[in-house]
*Asks:* 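Before I ask anything, let me first share the structure, which is written out below as structure tokens.
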Amino acid sequence: MLATLILEDGTIYKGEHFGAFGTKIGEIVFNTSMTGYQEILTDPSYANQIITMTYPEIGNYGINEEDFESISPKCLGFVVKEYSKYESHYKSKYNLSDYLKNNGIIGIEGIDTRSLVIKIREKGVMKCMITSDAIFTEDDITQRIAAICIHKPNKDIVLDVSTKKSYVINPEGEIDLALIDYGTKTGIVNSLAKRGCRVTVYPADTNAETILNNGHKNLFLSNGPGDPADCITELKTIEELIGKIPIFGICLGYQLLSIALGAKTYKLKYGHRGGNHPVINLQTEKVMLTSQNHGYAVDMNTLSGIMTPTYKNLDDDTLEGFEAPRLKIYAVQFHPEAKPGPEDASVIFDDWIELMKEFQMSPIRKAEDMVNVG
């Protein structure tokens, strides 16, 4: 059965359908990872997006029960060069097409993904429609492009992907850590738990009073989808917690911390999504390959005086991390848990754990550190 991908600029790609049937409108993005499509599909940061894989063959090792990064995928569509209809792996429980179908995700294969990715790199990410409908008249195509152009997704999509109630992972852990879930990945929570954290996961709209009244010693802000500037409720909570509890953040959590401290964010032309992004530690000059998935960046030129840049992307010089030691704040843009991707950056979790142990024994000096944070 045929399927169609239509970009808002009028470009049309026709291919073969797999996965769910129907029509979805979202933002077209691409990921350059060679493996890990299961983790990519189940990363909540892809909410409202249609993912294009640059690696040509996808689905050959099926879907297993161990590598999910969330309970269910939040992306809308999946675009590949070639879908492998016959999976082969000892862990595989079912094939990719059945998984997509069971979760309402439309797949399309057989299109020129190289051409598509080049277009995204040249023109930037854009809205698109993916549909299992195969044949259109010219009027139908015109109407669908118009529908794409006027489509407006929910503003704060973080609230759509976050947990609805709090829960605890590794209750016997020695390090007390609250984690606000903006669309967190299972790999992040597990990375913290296996290092000795008792992780209490909270919904994205949790207020500062709840975190403080529950006596937590450290706070972690997770990854998540969308524009950080839309997260009004989440930003208010962070602003009220700065200077009162040590805070660590990655991806969206890093961006929200930056805004709360006075910096500005902006949308990247086509984002950073993949497992091969080189990042340099500005203090040690050590380079690591990192796993990334984000469409926004923090403007290094807008950092407030209390913020110190710590990491930089070697491909485009964008800021990849900062710290504010006086306020006990540490954050990076990339994903140290590497699900999927290289494990170079896992040392960041190790370093943060040592800081959490230290902070658990010594509370912040509130009067001094709340001065001049903007």
Side-chain angles (χ1 to χ4, degrees), residues 29 32 45 120-121 124-125 158 182 188 219-232 234-235 238-239 241-243 246-338 341-342 344-345 347-349 351-352 355 369-374:
V29 299
T32 57
S45 293
I120 296 170
R121 285 179 61 94
V125 295
V158 165
Y182 301 136
I188 292 172
L219 174 64
F220 194 98
L221 307 179
S222 84
N223 65 294
D227 184 345
D230 291 336
C231 300
I232 305 302
E234 298 87 336
L235 278 167
I238 294 170
E239 289 168 353
L241 288 170
I242 287 175
I247 307 178
F248 302 81
I250 70 165
C251 202
L252 181 62
Y254 150 90
Q255 296 166 8
L256 293 175
L257 273 169
S258 299
I259 294 174
L261 288 171
K264 297 184 183 300
T265 58
Y266 63 96
K267 189 167 187 176
L268 293 166
K269 186 175 182 180
Y270 49 82
H272 297 161
R273 298 176 179 90
N276 54 357
H277 291 267
V279 167
I280 186 169
N281 184 317
L282 297 174
Q283 298 167 338
T284 67
E285 297 189 346
K286 181 178 180 179
V287 176
M288 60 179 72
L289 286 180
T290 64
S291 175
Q292 302 197 15
N293 175 19
H294 62 102
Y296 291 81
V298 176
D299 185 347
M300 191 182 305
N301 295 322
T302 67
L303 297 189
S304 58
I306 204 165
M307 304 165 71
T308 301
T310 53
Y311 294 92
K312 184 177 72 171
N313 191 300
L314 289 178
D315 284 337
D316 59 10
D317 287 334
T318 53
L319 184 68
E320 294 278 1
F322 77 90
E323 63 182 24
R326 279 184 56 205
L327 294 170
K328 298 183 179 177
I329 291 176
Y330 302 83
V332 294
Q333 177 66 82
F334 46 92
H335 289 231
E337 89 290 346
D344 300 25
V347 64
I348 289 173
F349 277 142
D351 292 342
W352 284 0
L355 287 172
D369 290 337
M370 285 297 287
V371 176
N372 193 29
V373 300

*Asks:* Identify the heavy atoms of L261 and A324 that sit nearest to each other, and give their distance.
*Replies:*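 Between these two residues, the closest heavy atoms are CD1-CB, 4.5 Å.
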*Asks:* Which atom pair, heavy atoms only, marks the closest approach of A345 to P336?
*Replies:* O-CB, 3.5 Å
*Asks:* Does any part of the side chain of L303, heavy atoms only, come nearer than 4.5 Å to the side chain of V298, both counted from C-beta?
*Replies:*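 V298 vs L303: side chains touch.
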*Asks:* Keeping the roles fixed (side chain from N281, backbone from K286), state whether a donor-acceptor pair exists under 3.5 Å.
*Replies:*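 Such a contact is absent between N281 side chain and K286 backbone.
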*Asks:* Any donor-acceptor pair under 3.5 Å linking the side chain of H294 with the backbone of Y296?
*Replies:* yes
*Asks:* Can you establish whether the number of heavy atoms outside K269 located under 6.0 Å from its atom NZ is more than 12?
*Replies:*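 More than 12 heavy atoms, drawn from other residues, nucleotides or ligands, come within 6.0 Å of this atom.
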*Asks:* Are C251 and Q333 packed together at the side-chain level, in the sense that at least one heavy-atom pair is separated by less than 4.5 angstrom?
*Replies:* yes
*Asks:* May I ask you to check whether H272 and D316 show a side-chain donor-acceptor distance below 3.5 Å?
*Replies:* yes
*Asks:* Going through the distances and angles, do Y254 and F322 end up as a ring-ring contact (aromatic ring centres under 6.0 Å, His included)?
*Replies:* CA-CA 8 Å; Y254 150 90; F322 77 90; 5.8 Å; yes
*Asks:* Identify which one of R273, H277, E320 satisfies the side chain to side chain donor-acceptor pair (under 3.5 Å) criterion when paired with Q292.
*Replies:*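 Only one option passes, and that is E320.
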*Asks:* Side chains of N223 and N293, heavy atoms from C-beta outward: is any pair under 4.5 Å?
*Replies:*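 The answer is no, as the side chains (C-beta and beyond) never meet within the 4.5 Å cut-off.
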*Asks:* Is the distance from the ring center of F248 to that of Y330 below 6.0 Å?
*Replies:*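 Yes, they do, as the ring centres are separated by less than 6.0 Å.
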*Asks:* Indicate yes or no: at least one non-hydrogen side-chain atom of T290 is less than 4.5 angstrom from one of H335.
*Replies:*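 No - every pair of side-chain heavy atoms lies 4.5 Å or more apart.
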*Asks:* Just so I know, are the side chains of V332 and W352 near enough to count as touching, which here means a heavy-atom distance under 4.5 Å?
*Replies:* yes
*Asks:* Of the non-hydrogen atoms in P228 and I259, which two are nearest, and what is the gap between them?
*Replies:*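 Scanning both residues completely, I find the closest heavy atoms to be CB-CD1, 3.8 Å.
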